[in-house]
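These notes concern the structure reproduced below.
From a predicted model like this one, the values you see are computed outputs, not experimental measurements. First the proteins, then the strands, lettered A, B, ... as listed; each starts at 1.
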2 protein chains.
Amino acid sequence: MNIGEVAERSGIPTKTIRYYEDIGFLHPKRNENGYRIFEETELHKLTFIGRARSLGFNIEECRALLALYEDKERGSSDVKRIAAEHVREIEAKISDLLAMRDTLTHLINACAGDHRPDCPILDSLSNAKH
Amino acid sequence: MNIGEVAERSGIPTKTIRYYEDIGFLHPKRNENGYRIFEETELHKLTFIGRARSLGFNIEECRALLALYEDKERGSSDVKRIAAEHVREIEAKISDLLAMRDTLTHLINACAGDHRPDCPILDSLSNAKH
DNA sequence: CTAAGGGTTCCAGCAACTGGAAGGTCAAGC
DNA sequence: GCTTGACCTTCCAGTTGCTGGAACCCTTAG
């Protein structure tokens with residue numbers, strides 16, 4: 001399988017696949033003309049990484065998950081720990097964003113939004129009322 | 001005022017203040033030894049930017065808000081539009097994160113988390129059940 | 001023979017800083 | 001006068017996770 005087919009089947013762009021090779025996620029063989037040749041297992045790995053990334057795991061977390069995925073001796077508790085830690089991070093981001101949204105929504109509701117220059121949004125940004 | 005005092009009073013690190021000068025947010029004068037000298041108005045600007053950044057506005061949005069802030073003729077509707085657009089972006093992020101959290105929480109609950117290698121989290125990442 | 005559509009490498013850039021090196025300036029203490 | 005330490009300066013490089021582009025090679029079809 002060439003890189004284009006892998007890209008199509010995994011949904012990951014060729015650029016990104018080459019990048020993943022650079023950072024050591026994959027080690028595809030090469031044929032005599034220098035092209036990368038991918039096995040099914042490499043396609044599976046890429047799909048795995050793609051799903052983990054779409055769930056918001058960062059590269060280092062993906063690396064850890066991939067190592068656990070390939071280690072037949074590991075217990076599920078390690079995976080669970082990584083996932084639980086990740087959920088905590090997600091929840092922290094969510095509450096930050098909720099706080100931002102509430103503050104902004106409040107300011108927007110207080111703002112006339114017309115041609116007059118009075119604007120509670122700018123006032124709040126410039127005055128210290130945190 | 002030197003940069004250190006501005007940093008202290010605005011809560012923005014000196015490195016970041018210099019960066020903000022680089023990207024054209026500020027134009028502090030220099031005295032004969034080359035040190036930046038800041039006026040109160042520059043301190044206010046920095047505080048303004050700091051608040052906008054902490055509300056999640058990106059640099060370009062800050063630039064727009066700053067321009068509106070300094071334009072005494074502008075109407076509040078422009079500001080309101082920027083803020084409302086920003087709220088929409090925040091809400092999109094929130095729903096992405098909520099979906100991630102729900103998926104992961106579901107997987108974590110299905111995972112024994114013990115020494116056995118069976119792990120629904122990894123299974124889900126590797127099998128196509130999207 | 002040429003063109004299209006693969007593939008390869010390497011270099012640069014995005015956002016928004018942050019860290020570090022190498023050096024100039026200033027005030028205080030000895 | 002000298003040193004020490006806290007300031008300040010500039011410039012360069014690194015962060016994360018790619019993405020775009022240039023310049024080039026390989027293969028196949030018309």
Inset, instruction - Would you classify B/I23 as touching base, sugar-phosphate or nothing, given that sugar-phosphate means primed atoms plus P, OP1 and OP2, and contacts are heavy atoms under 4.0 Å? - result: nothing

Inset, instruction - May I ask you to decide whether A/R63 forms a salt bridge with A/E60, counting only side-chain N to carboxylate O separations under 4.0 Å? - result: yes

Legend entry - Salt-bridge criterion met for B/K45 and B/E42 (N-O under 4.0 Å): no

Inset, instruction - For B/R9 and B/E5, run salt bridge (Lys or Arg N to Asp or Glu O under 4.0 Å): C-alpha distance rounded to whole Å, both residues' side-chain angles, the deciding distance at 0.1 Å, then the answer. - result: CA-CA 6 Å; B/R9 288 178 61 189; B/E5 188 181 343; 3.6 Å; yes

Inset, instruction - Verify salt bridge (Lys or Arg N to Asp or Glu O under 4.0 Å) between B/K29 and B/E21, making sure each step is shown before the conclusion. - result: CA-CA 11 Å; B/K29 297 199 180 72; B/E21 183 185 358; over 6 Å; no

Inset, instruction - Give me the first and last nucleotide of DNA chain C, going 5' to 3', that has any atom under 4.0 Å from a heavy atom of chain B. - result: C/dA16 to C/dC26

Inset, instruction - Please assess B/I82 against B/L68 for the test side chain to side chain contact (heavy atoms under 4.5 Å, CB included), listing each intermediate value before the final yes or no. - result: CA-CA 11 Å; B/I82 292 175; B/L68 293 170; 3.7 Å; yes

Inset, instruction - Mind listing the residues from residues 31-42 of chain B sitting with a heavy atom below 4.0 Å of DNA chain C? Number order is fine. - result: B/N33, B/Y35

Inset, instruction - Using the closest heavy atom to pick a nucleotide of DNA chain D for each, name whichever of B/G4 or B/K15 lands nearer the 5' end. - result: B/G4

Legend entry - ILVMFWY cluster, A/Y35 and A/F38 together (side-chain gap under 4.5 Å): no

Inset, instruction - Mind telling me whether B/H86 and B/F57 have parallel, tilted or perpendicular rings, with 30° and 60° as the class edges? - result: parallel

Legend entry - Flag side-chain contact, heavy atom, 4.5 Å: B/R101 against A/E91: yes

Inset, instruction - Taking heavy atoms of chain A and a 4.0 Å limit, find me the 5'-most and 3'-most nucleotide of DNA chain D within that range. - result: D/dG17 to D/dT27

Legend entry - Position toward the 5' end of DNA chain C (nearest nucleotide), A/E21 or B/N58: A/E21

Inset, instruction - Decide side chain to side chain contact (heavy atoms under 4.5 Å, CB included) for B/F48 and B/C62; before the verdict, give the C-alpha distance in whole Å, the side-chain angles of both, and the deciding distance to 0.1 Å. - result: CA-CA 9 Å; B/F48 180 95; B/C62 286; over 6 Å; no

Inset, instruction - Classify the nucleic acid contact of A/R53 as base, sugar-phosphate or nothing, counting any heavy atom under 4.0 Å across all strands shown. - result: sugar-phosphate

Inset, instruction - Tell me whether B/I3 is reachable from B/I37 by hopping between hydrophobic residues (I, L, V, M, F, W, Y) whose side-chain heavy atoms are closer than 4.5 Å. - result: no

